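The next block holds one structure in the form of structure tokens; read it before the comments.
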Amino acid sequence: MSDEKGRSPPRRPRKPRAHAALPGRRATPLPGYRGEKRSSTPAELRLPSCPALTGTDMAIFSVYVVNKAGGLIYQLDHYAPRSEAEKTFSFPLDLVLKLHDERVVVAFGQRDNIRVGHAVLSINGVDVSGRYTADGKEVLEYLGNPANYPVSLRFGRPRLSSNEKLMLASMFHSLFAIGSQLSPELGSSGIEMLETDTFKLHCFQTLTGIKFVVLADPRQAGIESLLRKIYEIYSDFALKNPFYSLEMPIRCELFDQNLKLALEVAEKAGPFGPGS
């Protein structure tokens, strides 16, 4: 159409239309949609990522080797997580301390992450061993003197003594035998795993009755292969040692070195391949 002077009327501007494009096809307009123009490139969908467990999140705490008679013949503390609390106190001490198994422990009173059963680990930065400090002072006598206050005390879970480790190994040997007897099926292998909220106990018994016990973080993977790797290390560096006597404590430097290396590999979730 044109007006009287022969000029065409101005065209109305069109509104942009959205297009959807598929790979390998020509973009076609979406019917009934009028709005801003969208890109034909598909939008990238991003989902929140979950943090992955790393080697620092997992740990192997200790290894025990128990002979067929229930005696502890090897023990290694690989990593011991300890909740410790240090605080400065004034006189009088608002915690009740007592001597228990040659340790000074908290008998009554809980505060600032200090719990009943925690032992005194240091006084003013000086380590405490049993009932005495490293410089020879008797702990309860020192804390009973008002002239020594204010005093800085560090509390934490007491370390297991050698006798306590021997006793615990013997107790687990008995529990293992009880578990085998209580099984409704004949030929039970006994206790293979005990689970708590803070650790898991894994046990592997050989045909000769030797038990390999590993205490690890509940999230730690690959413990079954680690137990068999420890059995292999025991066979190579203890049984083949001409100076080692069966059922006796293992004192072999090569056994220690290869065991620690195996624990490091397991903590990094590395597989045990042939010849590793």
Side-chain angles (χ1 to χ4, degrees), residues 59-67 69-175 194 196-201 211 213-217 248-253 255-256 259-260 263:
I60 297 171
F61 304 140
S62 56
V63 177
Y64 293 77
V65 182
V66 183
N67 62 20
L72 181 64
I73 60 176
Y74 185 85
Q75 195 276 329
L76 172 68
D77 289 325
H78 181 62
Y79 169 72
R82 305 178 62 201
S83 57
E84 299 179 354
E86 187 168 2
K87 185 174 178 59
T88 301
F89 295 87
S90 57
F91 190 83
L93 195 66
D94 55 354
L95 298 173
V96 178
L97 305 179
K98 72 174 183 178
L99 194 63
H100 179 71
D101 290 338
E102 294 300 315
R103 301 188 186 98
V104 179
V105 299
V106 179
F108 180 80
Q110 296 192 160
R111 53 172 298 181
D112 302 325
N113 295 324
I114 301 173
R115 302 286 182 260
V116 171
H118 279 188
V120 179
L121 301 180
S122 72
I123 299 177
N124 293 329
V126 179
D127 290 339
V128 171
S129 178
R131 57 192 300 179
Y132 296 96
T133 63
D135 51 4
K137 298 176 182 177
E138 208 275 333
V139 174
L140 292 179
E141 181 181 347
Y142 182 87
L143 296 179
N145 188 354
N148 295 325
Y149 288 80
V151 63
S152 177
L153 301 178
R154 180 162 54 92
F155 294 87
R157 182 179 176 181
R159 302 177 179 90
L160 291 176
S161 64
S162 299
N163 290 334
E164 288 173 331
K165 293 175 181 178
L166 290 170
M167 181 184 65
L168 291 174
S170 178
M171 291 177 61
F172 178 76
H173 175 77
S174 302
L175 290 174
L194 293 175
T196 70
D197 57 343
T198 56
F199 76 95
K200 284 184 180 180
L201 183 150
K211 297 180 185 63
V213 181
V214 170
L215 275 65
D217 188 280
M248 297 302 291
I250 302 172
R251 296 184 177 90
C252 179
E253 185 177 352
F255 179 83
D256 291 336
L259 176 60
K260 292 176 182 178
L263 297 181

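Since this is a predicted model, take the numbers as computed values, not measurements.
- With sequence neighbours left out, Lys165 forms a salt bridge (charged side-chain N to carboxylate O under 4.0 Å, His left out) with Asp77.
- Within the 4.5 Å cutoff, the side chain of Val128 has no heavy atoms near those of the Tyr142 side chain.
- Annotation: the span from Arg131 atom CZ to Arg103 atom CZ amounts to 13.5 Å, rounded to 0.5 Å.
- A donor-acceptor pair is defined here as one N or O able to donate and one able to accept, closer than 3.5 Å; no such pair exists between the side chain of Glu86 and the backbone of Ser152.
- Partners of Tyr64 by side-chain hydrogen bond (donor to acceptor under 3.5 Å, both in side chains), not counting sequence neighbours: none found.
- Contacts of Glu141 classified as salt bridge (charged side-chain N to carboxylate O under 4.0 Å, His left out), with partners at least two apart in sequence or in another chain: none.
- In this view, Thr196 and Thr198, Phe199 satisfy the side-chain contact (heavy atoms from CB on, under 4.5 Å) rule, not counting sequence neighbours.
- Side chains of Leu95 and Leu153 form no contact here, defined as non-hydrogen atoms less than 4.5 Å apart.
- Ser161 meets the side-chain hydrogen bond (donor to acceptor under 3.5 Å, both in side chains) test with Glu164; sequence neighbours excluded.
- Residues passing the side-chain hydrogen bond (donor to acceptor under 3.5 Å, both in side chains) test with Tyr132: none are found, sequence neighbours excluded.
- Residues Gly144 and Pro146 come closest through the heavy atom pair O-CD, 3.5 Å.
- Expressed to the nearest 0.5 Å, how far CG of Leu140 lies from NZ of Lys98 amounts to 12.0 Å.
- Under the side-chain contact (heavy atoms from CB on, under 4.5 Å) criterion, Asp112 pairs with Lys87, not counting sequence neighbours.
- Listed by chain and number, the residues in a ring-ring contact (aromatic ring centres under 6.0 Å, His included) with Phe89 amount to none (sequence neighbours excluded).
- Scanning all heavy atoms of the two residues, the minimum distance from Ala85 to Ile114 falls at CB-CG1, 3.9 Å.
- Legend: residues meeting salt bridge (charged side-chain N to carboxylate O under 4.0 Å, His left out) with Asp127, ordered by chain and number and at least two apart, are Arg154.
- Residues satisfying the side-chain hydrogen bond (donor to acceptor under 3.5 Å, both in side chains) criterion with Ser170, sequence neighbours excluded, are absent altogether.
- Asp197 pairs by the salt bridge (charged side-chain N to carboxylate O under 4.0 Å, His left out) definition with nothing, not counting sequence neighbours.
- Contact detail for Leu72 and Val65: the closest heavy-atom pair is CD1-O, 3.5 Å.
- Taking Phe172 as the reference, nothing meets the ring-ring contact (aromatic ring centres under 6.0 Å, His included) condition, with sequence neighbours excluded.
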